[in-house]
Structures are given as C-alpha cells and as structure tokens.
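Below: the structure, in structure tokens.
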Amino acid sequence: MALDPAADHARLARLQAALDQWIEAAGELLARTTPAVSGWSAEQHLAHVALANELVLRNLKSLVAGKGALVVEGGEPKPGVREILESGRLPRGAAQAPRMVRPPETIERELMLGWLADARRELCALDPRAIVSGTLRVPHQQLGPLDAPQWLRFGVAHTRHHLLIAREVLVALEPALGPRLVLPD
C-alpha cells in the first residue's frame with residue numbers, strides 16, 4: 001500500500017482509540033504475562049507503543065517544522081525498509097526495542113494513560129496535509145533516515161504490530177476476550 005499521510009493519520013488515530021478500548025476491556029489481565037506468546041505483558045506492549053509514538057510524533061513535528069535537533073538533510077532508509085513500510089507490517093521477533101522505549105517491569109496505569117492521552121492530543125494537532133515527502137529526514141535507530149510520511153507509516157505499522165501481540169497475550173489468558181479486542185484496519 002502506497003504511503004498516504006492522510007489515511008495513515010486516520011489509521012493511527014483509530015489504533016490509538018483501540019488502545020483505550022482494550023485497556024478498558026482487559027482490565028487487570030493487562031498486567032499478566034503469557035511467556036509462550038511474549039516476554040512482555042499486554043500492558044507492557046501498550047506502554048511501549050505509547051513511548052514509541054511519543055517519539056514518532058515528536059519526529060513528525062520536527063519534520064513538518066523543517067527543523068529540530070535530529071533533522072538531517074538526505075539519506076535513505078536501510079535496504080528492505082521501504083518494502084516493510086509499504087506493506088505496513090513489521091516482522092515479528094526481528095528487532096529489540098531500544099532502551100529509551102522499553103517499558104518498565106511494572107506499569108503505572110495512570111502514567112501510561114497520560115502518555116496515551118498526550119499522543120492523542122499530539123496527533124490531533126498534526127495536520128496530515130503538512131506531512132509530505134522531502135529531503136529532510138530523522139534517523140530511526142534500526143531503519144535508517146525516514147522522511148515524514150515514512151515516520152507516520154512506521155507509527156501505524158509499529159502500533160498495529162504491538163496491538164497484535166498484546167491481543168494474542170490477552171486471548172491466551174482469556175479466550176472470551178477475543179471478540180472485544182477489535183483491531184482497526
């Protein structure tokens with residue numbers, strides 16, 4: 001699927017709304033682990049997404065503004081990254097979360113809810129029409145330099161990736177929860 005910032009902006013908003021719905025639906029099951037599925041609890045996956053999306057949105061704001069400490073001119077993503085972003089799917093188990101976005105062992109729910117609310121506000125404040133391709137990039141630790149539409153697609157693909165894993169963890173704990181954990185397109 002071609003990169004479409006307006007569609008990806010809407011996708012990320014729907015995924016963020018799903019995060020809130022899942023937290024309400026799963027309650028205390030969020031903090032439990034299912035080692036056969038993942039070393040992290042569903043709550044840790046959601047907290048990781050909240051931390052990562054904070055950085056994604058900060059990078060998008062810098063790219064839209066055309067300035068920022070991490071903004072560079074030119075560069076290309078690593079080989080294969082364009083195809084991953086176009087597919088909108090991240091391979092499972094292919095990378096470790098960088099330390100700055102690794103969730104703590106125990107998640108303070110109210111703190112995580114605040115992170116998620118901040119991300120919703122930042123996304124709403126971001127005009128998708130301003131997210132355009134250009135020569136300005138912000139390097140991703142593992143993917144290489146990404147432009148604004150690529151960062152937004154990464155945010156969508158990464159959020160979806162971790163929601164899928166969180167859903168798998170929660171359904172392994174409580175199969176009846178499955179129908180309540182709807183993953184938007």
Side-chain angles (χ1 to χ4, degrees), residues 1-26 30 40 42-72 77 81-82 84-90 95 97-98 100-103 107-134 136-143 145-167 181-185:
M1 100 180 86
L3 300 186
D4 178 348
D8 283 339
H9 187 275
R11 279 185 191 101
L12 189 54
R14 287 191 300 273
L15 289 166
Q16 287 180 324
L19 287 166
D20 294 333
Q21 293 164 356
W22 290 22
I23 290 168
E24 187 175 323
L30 286 170
W40 284 355
E43 190 168 50
Q44 286 173 304
H45 281 280
L46 302 184
H48 167 67
V49 164
L51 293 169
N53 282 351
E54 178 182 348
L55 295 178
V56 167
L57 291 163
R58 189 179 308 152
N59 291 338
L60 281 166
K61 280 176 66 174
S62 294
L63 289 165
V64 166
K67 61 183 178 183
L70 301 177
V71 174
V72 299
V81 169
R82 285 185 194 279
I84 289 171
L85 293 175
E86 286 174 8
S87 77
R89 305 282 189 262
L90 301 181
M100 65 187 158
V101 293
R102 246 181 246 142
I107 305 298
E108 292 182 39
R109 181 79 49 94
E110 290 305 313
L111 185 59
M112 181 181 71
L113 292 174
W115 298 338
L116 293 168
D118 290 345
R120 277 192 311 281
R121 274 192 300 280
E122 289 296 323
L123 185 64
C124 284
L126 189 62
D127 182 353
R129 295 171 298 186
I131 302 170
V132 296
S133 293
L136 296 181
R137 312 271 191 269
V138 172
H140 181 281
Q141 286 186 314
Q142 296 166 350
L143 306 179
L146 303 178
D147 69 9
Q150 291 168 331
W151 267 107
L152 183 54
R153 175 59 63 86
F154 169 75
V156 169
H158 182 259
T159 300
R160 187 175 195 290
H161 174 81
H162 283 281
L163 276 172
L164 284 167
I165 300 169
R167 185 180 193 286
L181 303 177
V182 177
L183 186 66
D185 67 340

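Quick note: numbers below take in every heavy atom, side chains included, and nothing from hydrogens, waters or symmetry partners.
- Evaluation of the side-chain contact (heavy atoms from CB on, under 4.5 Å) rule for Ala17 yields no partner, not counting sequence neighbours.
- A distance of 12.5 Å separates CG of Asp118 from CG of Leu123, quoted to the nearest 0.5 Å.
- Remark: aromatic rings of His158 and His48 are close, center separation under 6.0 Å.
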Can you list the steps and then say if Arg109 with Glu43 is a salt bridge (charged side-chain N to carboxylate O under 4.0 Å, His left out)?
CA-CA 9 Å; Arg109 181 79 49 94; Glu43 190 168 50; 2.5 Å; yes
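- Annotation: side chain of Phe154 is not in contact with side chain of Asp8 (no heavy-atom distance under 4.5 Å).
- What you find for Met112 and Ala47 is that their closest heavy atoms are SD-N, 3.6 Å.
- Asn53 meets the side-chain contact (heavy atoms from CB on, under 4.5 Å) test with Leu12, Gln16, Val49, Val56, Thr159; sequence neighbours excluded.
- At least one side-chain heavy atom of Leu116 sits less than 4.5 Å from a side-chain heavy atom of Ile23.
- Legend: residues meeting salt bridge (Lys or Arg N to Asp or Glu O under 4.0 Å) with Arg167, ordered by chain and number and at least two apart, are absent.
- Residues satisfying the side-chain contact (heavy atoms from CB on, under 4.5 Å) criterion with Pro184, sequence neighbours excluded, are Arg14, Leu15, Ala18.
- With sequence neighbours excluded, no residue forms a ring pair (Phe, Tyr, Trp, His ring centres under 6.0 Å) with His9.
- Between the CD1 atom in Ile84 and the CD atom in Gln150 there is a gap of 12.0 Å [rounded to 0.5 Å].
- What you find for Pro103 and Ile107 is that their closest heavy atoms are CB-CD1, 3.9 Å.
- Side-chain contact check for Leu19 versus Leu163: some heavy-atom pair is nearer than 4.5 Å.
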Under 3.5 Å, which donor-acceptor pairs link side chains of residues 59-70 to any protein atom two or more places apart or in another chain?
unit_1, atom_1, unit_2, atom_2, d
Asn59, ND2, Leu55, O, 3.3
Lys61, NZ, Glu122, OE1, 3.2
Ser62, OG, Arg58, O, 3.3

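- Here CG of Leu146 is found 8.5 Å from CZ of Arg137. Values are rounded to the nearest 0.5 Å.
- The distance from atom CD1 of Ile131 to atom CG of Asp147, rounded to the nearest 0.5 Å, is 10.5 Å.
- Residues Trp115 and Arg120 form no side-chain contact, since every pair of their non-hydrogen atoms from C-beta on lies 4.5 Å or further apart.
- Arg11 has its side chain within reach of Arg153: a pair of non-hydrogen atoms, C-beta onward, lies under 4.5 Å apart.
- If you check the side chains of His161 and His45, you find no donor sitting under 3.5 Å from an acceptor.
- Between the Trp22 side chain and the Val182 main chain, a donor and an acceptor come within less than 3.5 Å of each other.
- The nearest pair of heavy atoms linking Trp151 to Pro139 is CZ2-O, 3.8 Å.
- Taken to the nearest 0.5 Å, the CG atom of Leu46 stands 11.0 Å off from the CG atom of Leu51.
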